Novice: 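Okay, handing you the structure first.
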Amino acid sequence: MRNIATGPRRWSVPPGTRSRAARYLAAGAVATLVLGVTTACGSGEDPTASADQQELADGEALSITTFGEFGYDALIEEWNEANPDLQVEQTKVSLWDDWKNELNTLLQANDGLPDVVAIEGDFMPALVAAPDRWVDLSQDEVEGRWLDFKVEAATTPDGELLGYATDAGPEAICYRADLFKKAGLPTDREEVTALMTTWDDYFELGEQYVQKVPGSKWYDASGSIAQAMLNQVAFPFEQADNTVDVENDELKQVYETVAANTDKLSTRAAQWSDDWTAGFKSDGFATIPCPGWMRSNIKANTGEPAPKGVVWDIADVFPGGGGNWGGSYLAIPKSSPHHAEALEFITWITAPEQQLKIFESLGNFPSQVEALEDPQLLKTKDPYFNNAPAGEIFSNRAAAIEVQPYHGPLYSDILGKFQDAINRVDQGTDPDKSWETFVSEVESLQ
């Protein structure tokens with residue numbers, strides 16, 4: 001069931017209009033970020049204190065660092081044309097893990113952070129658990145803008161809102177219709193949908209596929225299937241009181257299921273690796289768990305236009321029900337000397353109007369209530385994916401989400417260790433030994 005806040009406010013900041021947003025900034029709580037840092041290592045200043053606020057100097061621009069592809073290039077150009085006195089410059093880092101490492105380094109030094117920071121959703125619990133270095137972004141104007149679960153994930157127990165949600169990740173299954181045809185499987189998306197309503201159905205269909213198409217695999221990566229299944233587990237790594245519990249039955253079942261299918265169905269490539277990317281160009285696999293944002297990766301890695309004979313499509317289904325994978329946030333570090341300007345900008349760029357533009361151009365699915373209700377979104381089709389009704393499909397997938405996995409402060413770190421365990425199995429390590437290593441590594445995190 002799609003969890004939507006009631007009473008959305010219909011408001012956004014149009015380009016060229018300075019809003020009242022700057023008057024709604026609040027100070028964050030004085031605590032310590034989940035980095036074990038109590039004092040600034042570089043500047044010698046209190047890392048919990050807000051920087052002295054200053055107007056942008058001539059030639060100075062507001063800075064934002066994103067990772068992957070947020071679809072902001074054209075929007076920032078639009079903003080800059082309309083706001084000559086508040087220019088924005090974006091730095092793009094290829095991978096979240098790379099940006100996460102750099103972000104942690106900058107936080108420890110308390111120096112060099114941009115005015116606006118993009119945060120992967122799985123890392124938001126770390127900010128919420130220790131909000132001392134982040135600006136409270138609460139405003140009456142944006143209340144009700146986002147899906148409830150996106151707001152809740154970025155809100156502290158004291159009610160501080162530390163991030164503005166940029167997108168959500170309702171999951172479908174993207175599949176190679178041409179490879180399905182080669183295997184003698186149905187290719188029509190409604191027929192395909194009916195064949196994989198449960199994970200058992202999905203894996204059994206995969207066994208049929210690999211028997212018919214030697215040399216190809218059923219899915220892109222063991223890690224992506226593990227992540228997809230985790231997205232349906234209520235408490236994958238931590239309980240509601242943040243007690244770490246990785247010996248729970250549901251997590252073990254995900255691990256054992258994925259490990260058992262490594263040899264038969266997986267490419268055994270680590271997701272986001274060069275081998276994973278190469279699989280898109282070599283008929284390496286037939287299906288991939290597919291949140292809306294994954295479509296841009298599929299297009300980029302397969303090639304645009306698609307090679308002759310390659311036909312991607314989208315099935316309006318996700319095995320086991322619904323699931324949400326991903327969805328990021330924009331946050332403002334207290335170290336920025338431009339809180340008001342940064343808030344004004346992120347208020348505009350996360351508005352429903354902008355999210356609809358990003359969905360149409362890139363595929364990232366909106367996290368804003370008003371955008372989800374937009375008739376144009378529901379009519380959107382994706383020519384690259386056999387003209388699939390992407391807007392309708394991902395709206396249906398959003399409505400099917402019934403479980404939001406609990407993300408405690410250590411979720412992101414434990415997830416990394418879990419994916420390492422899956423990758424070790426792909427590389428030939430005994431599953432039991434890899435699990436033991438995982439449990440030991442998690443213990444060292446506590």
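It should be emphasised that the depicted structure is a prediction, and the values quoted were computed from it without experimental measurement.
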Novice: Return the orientation label for the Phe237 and Phe418 ring planes: parallel under 30°, perpendicular over 60°, tilted otherwise.
Specialist: tilted
Novice: Among Phe67, Tyr329, Trp272, find the residue that satisfies the ring-ring contact (aromatic ring centres under 6.0 Å, His included) test when tested with Trp96.
Specialist: Phe67
Novice: Looking at Thr267, Asp283, Thr287, which hits side-chain contact (heavy atoms from CB on, under 4.5 Å) with Lys217?
Specialist: Thr267
Novice: How close do Met124 and Gly163 get, heavy atom to heavy atom, and via which atoms?
Specialist: CE-CA, 4.1 Å
Novice: Could you work out, with ring pair (Phe, Tyr, Trp, His ring centres under 6.0 Å) as the rule, every residue matching Trp218, not counting sequence neighbours?
Specialist: Phe180, Tyr202, Tyr209
Novice: Is there a donor-acceptor pair closer than 3.5 Å between any side-chain N or O of Trp146 and the backbone N or O of Ser367?
Specialist: no
Novice: For Phe203 and Tyr219, take the angle between the two ring planes, folded into 0 to 90°, and tell me which bin it lands in: parallel under 30, tilted 30 to 60, perpendicular over 60.
Specialist: perpendicular
Novice: Thr66 and Gln90: side-chain donor and acceptor closer than 3.5 Å?
Specialist: yes
Novice: For Thr65 and Trp99, test the side chains for any donor-to-acceptor distance below 3.5 angstrom and give the result as yes or no.
Specialist: no
Novice: With side chain to side chain donor-acceptor pair (under 3.5 Å) as the criterion, how do Thr302 and Trp312 come out once you've worked through the C-alpha distance, each side chain's angles and the decisive distance to 0.1 Å?
Specialist: CA-CA 10 Å; Thr302 305; Trp312 277 101; 3.2 Å; yes
Novice: From Leu415 CG over to Asp420 CG, what is the distance, rounded to the nearest 0.5 angstrom?
Specialist: 9.5 Å
Novice: Assess, by modelled atom type and distance only, whether the side chains of Ser273 and Asp275 contain a donor and an acceptor separated by less than 3.5 Å.
Specialist: no
Novice: Will you find, in the side chains of Thr198 and Asp200, an N or O donor that is under 3.5 Å from an N or O acceptor?
Specialist: no
Novice: Thinking salt bridges, do Arg397 and Glu171 make one under a 4.0 Å N-O criterion?
Specialist: no
Novice: What I want to find out is whether Lys100 reaches Asp122 closely enough, with some N-O distance under 4.0 Å, to be called a salt bridge.
Specialist: no
Novice: State, to 0.1 Å, how close Ile225 and Pro289 come at their nearest heavy-atom pair, and which atoms those are.
Specialist: CD1-CG, 3.6 Å
Novice: Is it the case that the side chains of Gln139 and Thr347 hold a donor-acceptor pair, with the cut-off being a distance below 3.5 Å and no angle test?
Specialist: yes
Novice: Take Gln227 and Asn231 through the test side chain to side chain donor-acceptor pair (under 3.5 Å) and record every step on the way to the result.
Specialist: CA-CA 6 Å; Gln227 179 68 69; Asn231 293 335; 2.9 Å; yes
Novice: Could you tell me if the side chain of Tyr411 sits less than 4.5 Å from the side chain of Glu238, heavy atoms only?
Specialist: yes
Novice: Is atom CG of Asp249 surrounded by more than 12 heavy atoms (other residues, nucleotides or ligands) closer than 6.0 Å?
Specialist: no
Novice: Measuring from Leu113:CG to Leu107:CG, what's the distance to the nearest 0.5 Å?
Specialist: 5.0 Å
Novice: Keeping the roles fixed (side chain from Asn324, backbone from Ala398), state whether a donor-acceptor pair exists under 3.5 Å.
Specialist: no
Novice: Report the C-alpha separation of Asp158 and Thr156 in whole Å, then their side-chain angles, then the decisive distance to 0.1 Å, and conclude whether the side chain to side chain donor-acceptor pair (under 3.5 Å) test is met.
Specialist: CA-CA 5 Å; Asp158 293 334; Thr156 71; 5.0 Å; no
Novice: Can a donor-acceptor pair be found, under 3.5 Å and without considering hydrogens, that links the side chain of Asn242 to the backbone of Gly408?
Specialist: no
Novice: Please step through side chain to side chain contact (heavy atoms under 4.5 Å, CB included) for the pair Gln427 and Arg268, ending with a clear verdict.
Specialist: CA-CA 7 Å; Gln427 295 161 11; Arg268 306 178 87 164; over 6 Å; no
Novice: Can you tell me how far apart CG (Leu230) and CD (Gln232) are? Round to the nearest 0.5 Å.
Specialist: 9.5 Å
Novice: For Phe70 and Ala118, work out which heavy atoms get closest and say how close.
Specialist: CZ-CB, 3.7 Å
Novice: Kindly state whether the ring of Phe285 and the ring of Phe280 have centres lying under 6.0 angstrom apart.
Specialist: yes
Novice: Please report the interatomic distance CG(Asp115) to CG(Leu62), rounded to the nearest 0.5 Å.
Specialist: 4.0 Å
Novice: Any donor-acceptor pair under 3.5 Å linking the side chain of Asp382 with the backbone of Tyr384?
Specialist: yes
Novice: Do Trp293 side-chain atoms and Trp325 backbone N/O form a donor-acceptor pair below 3.5 Å?
Specialist: yes
Novice: Say whether Gln419 and Asn423, considering side chains only, have a donor N or O and an acceptor N or O under 3.5 Å apart.
Specialist: no
Novice: If we ignore hydrogens and angles and just use 3.5 Å, is the side chain of Ser440 paired with the main-chain N or O of Glu436 as donor and acceptor?
Specialist: no
Novice: Verify whether one side chain among Arg424 and Ser434 offers a donor that lies under 3.5 Å from an acceptor in the other.
Specialist: yes
Novice: Examine distances only and state if a side-chain atom of Lys212 and a backbone atom of Lys182 form a donor-acceptor pair shorter than 3.5 Å.
Specialist: no
Novice: Is there a donor-acceptor pair closer than 3.5 Å between any side-chain N or O of Tyr164 and the backbone N or O of Leu137?
Specialist: yes
Novice: To the nearest 0.5 Å, what is the distance between CG on Asp316 and CZ on Arg189?
Specialist: 9.5 Å
Novice: Can a donor-acceptor pair be found between the side chains of Arg176 and Ser216 at a distance below 3.5 Å?
Specialist: no
Novice: Among residues at least two apart in sequence or on other chains, which ones pass ring pair (Phe, Tyr, Trp, His ring centres under 6.0 Å) with Tyr255?
Specialist: Trp435
